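Beneath this line is the structure, given in structure tokens, with notes to follow.
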Amino acid sequence: MILQNYQNKNYSKEDVISIIGSPSVTEDSEDLWIYRMEKEQGNNTFKKSIYNKTLKLRFDENVLRSVEEVNLN
């Protein structure tokens with residue numbers, strides 16, 4: 001949702017938190033937010049990663065300006 005709409009809507013940091021929760025890491029005076037999303041399937045012996053992504057959100061004056069999705073699979 002955010003990835004497709006951020007250029008048309010001025011999402012604030014509070015909006016982002018209400019949609020996807022708090023970031024895993026914040027950097028650059030809290031203007032760069034990093035989310036790590038991973039989903040595994042299986043049991044403790046045989047686990048398969050379904051997806052492993054990092055989402056980087058950059059803010060300028062409390063408005064979301066860019067979103068970068070990095071696929072780690």
Side-chain angles (χ1 to χ4, degrees):
M1 179 172 144
I2 288 179
L3 188 61
Q4 293 83 16
N5 296 330
Y6 79 91
Q7 293 176 324
N8 300 327
K9 297 184 179 183
N10 290 328
Y11 288 115
S12 69
K13 292 178 180 179
E14 293 78 18
D15 294 333
V16 172
I17 288 173
S18 71
I19 296 169
I20 60 175
S22 298
S24 304
V25 177
T26 60
E27 296 182 2
D28 291 342
S29 301
E30 298 193 7
D31 284 335
L32 173 63
W33 288 13
I34 299 173
Y35 290 86
R36 182 147 190 276
M37 300 172 289
E38 182 177 16
K39 183 165 183 164
E40 294 180 330
Q41 186 177 35
N43 58 31
N44 287 336
T45 305
F46 298 103
K47 283 190 180 177
K48 179 180 178 184
S49 180
I50 296 172
Y51 63 83
N52 187 2
K53 296 179 184 179
T54 297
L55 196 61
K56 297 179 181 180
L57 283 64
R58 184 160 304 273
F59 294 87
D60 183 28
E61 296 183 9
N62 199 40
V63 176
L64 182 60
R65 297 297 182 198
S66 72
V67 177
E68 179 185 357
E69 184 178 43
V70 180
N71 195 347
L72 301 174
N73 282 349

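All figures in this text were calculated on a predicted structure; none of them were measured in a lab.
- Side-chain N or O atoms of Y35 include one that pairs as donor or acceptor with a backbone N or O of G21 at under 3.5 Å.
- Each of I17, V67, I20, L55 was compared with W33 under the side-chain contact (heavy atoms from CB on, under 4.5 Å) criterion, and only I17 meets it.
- Cluster membership for V16 and M37, using ILVMFWY side-chain heavy atoms within less than 4.5 angstrom, is shared.
- Separation of atoms CZ (R58) and CG (L32) is listed at 4.5 Å; rounding is to 0.5 Å.
- The closest donor-acceptor contact from the side chain of K13 to the backbone of E30 lies under 3.5 Å.
- Between R65 atom CZ and Q7 atom CD the span is 11.0 Å, to the nearest 0.5 Å.
- Side chains of D15 and S18: a donor-acceptor N/O pair is absent below 3.5 angstrom, by distance only.
- Here the CD1-CD distance, from I19 to E14, works out to 11.5 Å after rounding to the nearest 0.5 Å.
- For the atom pair CG of L57 and CD of E68, the computed distance is 10.0 Å after rounding to the nearest 0.5 Å.
- Under the 4.5 Å side-chain heavy-atom criterion for grouping Ile, Leu, Val, Met, Phe, Trp and Tyr, I34 is not connected to L3 through any hydrophobic cluster.
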